A.B. asks: 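I have a structure here, written as structure tokens, and I will follow up with some questions on it.
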Amino acid sequence: MEGGEQSDSNLEVGEDRIELEAIFQAFSDMLFRMDLDGKILGYKAGKASLLYTSPEQFLGKRIQDVMPDDVGKQCHQALDQVIQTGEVAHVKYKLGSPDGDRWFDARLVKAGKQRIVAIIRDITDHVQNQNRIRTQLDRLAALRAIDAVITSSFDLNLTLSILLRQVIKQLGVDAADVLLFNPDKRSLERVVGLGFQANKPQKNALPIGQGYAGLAALKRETIRVLDLNNRNELDVIQPSPFSDEDFVSYYAVPLIAKGHVKGVLEIFNRTSLVPDDEWSDLLAMMAGQAAIAIDSADLFRDLQRSHNDLIIAYDATIEGWSRALDLHNQKNEGHTRRVVELTERLARRMGISEEDILHIRRGAMLHDIGKMGVPDRIL
């Protein structure tokens, strides 16, 4: 009877072990059994391909000696923490593999008096997703910062300089510049550039259709050159002031707003670029913001020009009325001019600003305008 009970107990233990093994194999986590010194006594690998090295190279050795120096140091500190406190210790580390870097999270816990168990999980996907989200947030913040500058500043050079800083940072390129389109000369002129070894980019005019930038403006499409040192028969002659910069990759993006070409955004890199869809989309968005900034500056400049023309016409009209008034009352010829001069002198002595004096001058010129409607016999 006792033998039967013992047999049933052993059977249950065996089934529990099989069940535990099956559960563990369902997960990709790795489990290591170690002594208090970190010597690896055994392992279970749900996904053996994640092992840093072969079992023959780590079994019987200390985990801090098998891992790279920086990771081994973290493992040693975690072992000390587990032994001293008895609490779970965490180690987050990165290892290189033929497929690229992989991230792991190790949890060390004391199992009995002489054993420590480490459960290691591959968290590469989690880390990559975090990095992707962080990158997207950074890019959104950069786009928001550019929008804020566009709406708050009328200095085009300042706006484009801030935009180029974000282009270089967010796209991870070495240099960038903006060329503005001159519709009268049908040419492009480089106005702002960042990241170049030369102090300032040259401002030579580039005719539309000449060079990569001129071709991008003419065709209204992005020109991409992944290797400037390996050109083919489709390439155009590229008159570049950056021949000494050792650039390898190049992009020219036309800046189009409201159907009109406003300029070209150029980006340069000293190594080969391998852009993905997100990178290309961000480049297109930043080029769109540059086009909006240039268009806004053009609108503001046109508005200023119209305002100045209106002021000139307004002042000319007032001057004409003043002369007509003097002709109407020839006995007091020059009276209006003298009143204006005395009024301006008095206003300056009183400390009135030049901007306000301009309006006072106009009022002084028109102070007798009512006489235009009074018959000569009454005057």
Side-chain angles (χ1 to χ4, degrees), residues 146-164 177-193 200-201 203-208 217 254-265 287-328 333-373:
I146 295 171
D147 284 337
V149 174
I150 292 174
T151 56
S152 63
S153 175
F154 297 114
D155 187 339
L156 181 59
N157 283 353
L158 173 62
T159 301
L160 293 179
S161 295
I162 293 175
L163 184 142
L164 290 182
D177 65 11
V178 172
L179 296 87
L180 293 184
F181 174 59
N182 187 327
D184 297 327
K185 298 181 179 179
R186 297 284 300 170
S187 64
L188 298 168
E189 182 178 318
R190 187 171 288 102
V191 291
V192 180
K200 291 184 179 180
K203 293 188 177 182
N204 298 336
L206 181 67
I208 293 295
L255 306 178
I256 301 174
K258 300 175 183 176
H260 300 285
V261 175
K262 297 294 181 178
V264 173
L265 169 65
Q289 287 186 308
I292 292 173
I294 297 170
D295 185 58
S296 298
D298 288 343
L299 290 175
F300 179 70
R301 186 169 54 251
D302 292 342
L303 181 61
Q304 280 187 316
R305 186 182 300 113
S306 299
H307 179 66
N308 292 335
D309 292 342
L310 182 61
I311 290 177
I312 292 172
Y314 180 63
D315 287 338
T317 301
I318 293 176
E319 292 279 358
W321 287 347
S322 176
R323 286 194 297 270
L325 183 60
D326 282 345
L327 291 175
H328 187 61
E333 184 177 358
H335 167 72
T336 301
R337 176 178 53 79
R338 292 190 296 270
V339 170
V340 170
E341 291 175 355
L342 288 171
T343 303
E344 287 182 333
R345 289 167 57 188
L346 179 61
R348 289 190 175 91
R349 290 290 296 273
M350 294 174 63
I352 297 176
S353 67
E354 291 296 325
E355 182 179 356
D356 289 336
I357 289 176
L358 176 62
H359 300 297
I360 291 174
R361 181 178 186 276
R362 291 168 179 162
M365 293 181 66
L366 296 175
H367 79 282
D368 276 340
I369 194 64
K371 292 181 179 180
M372 293 292 292

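Keep in mind the model is a prediction, meaning the values are calculated, not measured.
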A.B. asks: For R349, check side-chain hydrogen bond (donor to acceptor under 3.5 Å, both in side chains) against everything at least two apart and list the hits.
C.D. replies: none
A.B. asks: Please identify each residue that fulfils side-chain hydrogen bond (donor to acceptor under 3.5 Å, both in side chains) with S353, with sequence neighbours left out.
C.D. replies: D356
A.B. asks: Identify the heavy atoms of I357 and A347 that sit nearest to each other, and give their distance.
C.D. replies: CG1-CB, 3.9 Å
A.B. asks: Rounded to the nearest 0.5 Å, how far does OG1 of T343 lie from CD1 of I360?
C.D. replies: 8.5 Å
A.B. asks: With side chain to side chain contact (heavy atoms under 4.5 Å, CB included) as the test, would you mind laying out the steps for L346 and I352 before giving the verdict?
C.D. replies: CA-CA 9 Å; L346 179 61; I352 297 176; over 6 Å; no
A.B. asks: Does E355 have any salt bridge (charged side-chain N to carboxylate O under 4.0 Å, His left out) partners at least two apart in sequence or in another chain, and if so, which?
C.D. replies: none
A.B. asks: So which atom in D295 and which in A257 form the shortest heavy-atom distance, rounded to 0.1 Å?
C.D. replies: CB-CB, 3.8 Å
A.B. asks: I'd like to check the side chain to side chain contact (heavy atoms under 4.5 Å, CB included) partners of V340; sequence neighbours left out, ordered by chain and number.
C.D. replies: T336, E344, R361, A364, M365
A.B. asks: Nearest heavy-atom pair of A217 and V261: which atoms, and what distance?
C.D. replies: O-CG2, 3.8 Å
A.B. asks: Can you tell whether the side chains of R345 and E341 come within less than 4.0 Å, N to carboxylate O?
C.D. replies: no
A.B. asks: Return all side-chain donor-acceptor pairs below 3.5 angstrom for residues 178-185, not counting sequence neighbours, or 'none' if the list is empty.
C.D. replies:
from, atom 1, to, atom 2, distance (Å)
N182, OD1, D184, N, 3.0
N182, OD1, K185, N, 3.3

A.B. asks: What is the distance from atom OG1 of T317 to atom CD1 of I312, rounded to the nearest 0.5 Å?
C.D. replies: 11.5 Å
A.B. asks: Go through the structure and list residues passing side chain to side chain contact (heavy atoms under 4.5 Å, CB included) with L358, not counting sequence neighbours.
C.D. replies: R362
A.B. asks: If a pair satisfies salt bridge (Lys or Arg N to Asp or Glu O under 4.0 Å) and one of its residues is in residues 304-314, list it, with sequence neighbours excluded.
C.D. replies: D302-R305
A.B. asks: List for me each residue that meets salt bridge (charged side-chain N to carboxylate O under 4.0 Å, His left out) alongside R348, sequence neighbours excluded, and say none if there are none.
C.D. replies: E354
A.B. asks: Going by the rule side-chain hydrogen bond (donor to acceptor under 3.5 Å, both in side chains), which residues pair with H367 if we only count those two or more places apart in sequence or in a different chain?
C.D. replies: H335
A.B. asks: Roughly how far, to the nearest 0.5 Å, is CG of L164 from OG1 of T159?
C.D. replies: 11.0 Å
A.B. asks: Please name all residues satisfying salt bridge (charged side-chain N to carboxylate O under 4.0 Å, His left out) with D298, sequence neighbours left out, ordered by chain then number.
C.D. replies: K262, R301
A.B. asks: Output, in order, the C-alpha distance, side-chain angles, deciding distance and verdict of side chain to side chain contact (heavy atoms under 4.5 Å, CB included) for K258 and L299.
C.D. replies: CA-CA 12 Å; K258 300 175 183 176; L299 290 175; 3.6 Å; yes
